[in-house]
Amino acid sequence: MDNTTQGPKPQHEVVIYSTPTCHFCALSKDYFTKNNVQFTNYDVATDFEKRQEMIDMTGQMGVPVIRIGNDVVIGFDKPKLAELLGIKE
């Protein structure tokens, strides 16, 4: 299932692989929304193709996995997300 939130920072392609019950996934998506970051969400609890894509990319099953351009962040690493997205904290 694809859920896309629009925002004024189109310079970064942001993709999050998440599950509905993941607290850190929700924090990540809230952070993107608060900072007007456009992102695509894949629910890897139900989207088996995207789950395999995530596993192939990271070698593990933990969520959230966030891809910003060619960079991959595992977990809600707010300072790293801010750095990659150019967000001033």
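Every value quoted in this text rests on a predicted model; they were computed, and no experiment measured them.
Formation of a donor-acceptor pair under 3.5 Å by the Asn35 side chain with backbone atoms of Tyr31 is found in this model.
With respect to Phe32, the side-chain contact (heavy atoms from CB on, under 4.5 Å) criterion is satisfied by exactly one of Asn41, Leu27, Ile66: Ile66. The one candidate from Val63, Ile16, Val73 that meets the side-chain contact (heavy atoms from CB on, under 4.5 Å) condition with Ser28 is Ile16.
The two residues Thr19 and Asp43 come nearest to each other via the heavy atoms CA-OD1, 3.9 Å. Between Ala45 and Phe48 the shortest heavy-atom distance is O-CE2, 4.1 Å. Ser18 and Lys29 get closest at one heavy-atom pair: OG-NZ, 3.4 Å. Arg51 and Val44 get closest at one heavy-atom pair: NE-O, 2.8 Å.
Counting only heavy atoms from C-beta outward, the side chains of Glu13 and Arg67 approach each other to under 4.5 Å. The side-chain heavy atoms of Ile87 and Val37, taken from C-beta on, include a pair separated by under 4.5 Å. Side-chain atoms of Gln60 and Val65, non-hydrogen and from C-beta on, do get closer than 4.5 Å to each other.
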Side chain to side chain contact (heavy atoms under 4.5 Å, CB included) between Ile68 and Leu81, intermediate numbers included = CA-CA 8 Å; Ile68 301 171; Leu81 294 175; 3.7 Å; yes

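Here the NZ-CD1 distance, from Lys80 to Ile74, works out to 12.5 Å after rounding to the nearest 0.5 Å. Note: Phe24 CZ to Lys78 NZ = 12.5 Å, rounded to the nearest 0.5 Å. Expressed to the nearest 0.5 Å, how far NZ of Lys88 lies from CD of Glu83 amounts to 10.0 Å.
Within a 6.0 Å radius of CE in Met57, other residues, nucleotides and ligands contribute more than 12 heavy atoms.
Side-chain N/O atoms of Tyr17 and Glu53 include a donor and acceptor closer than 3.5 Å.
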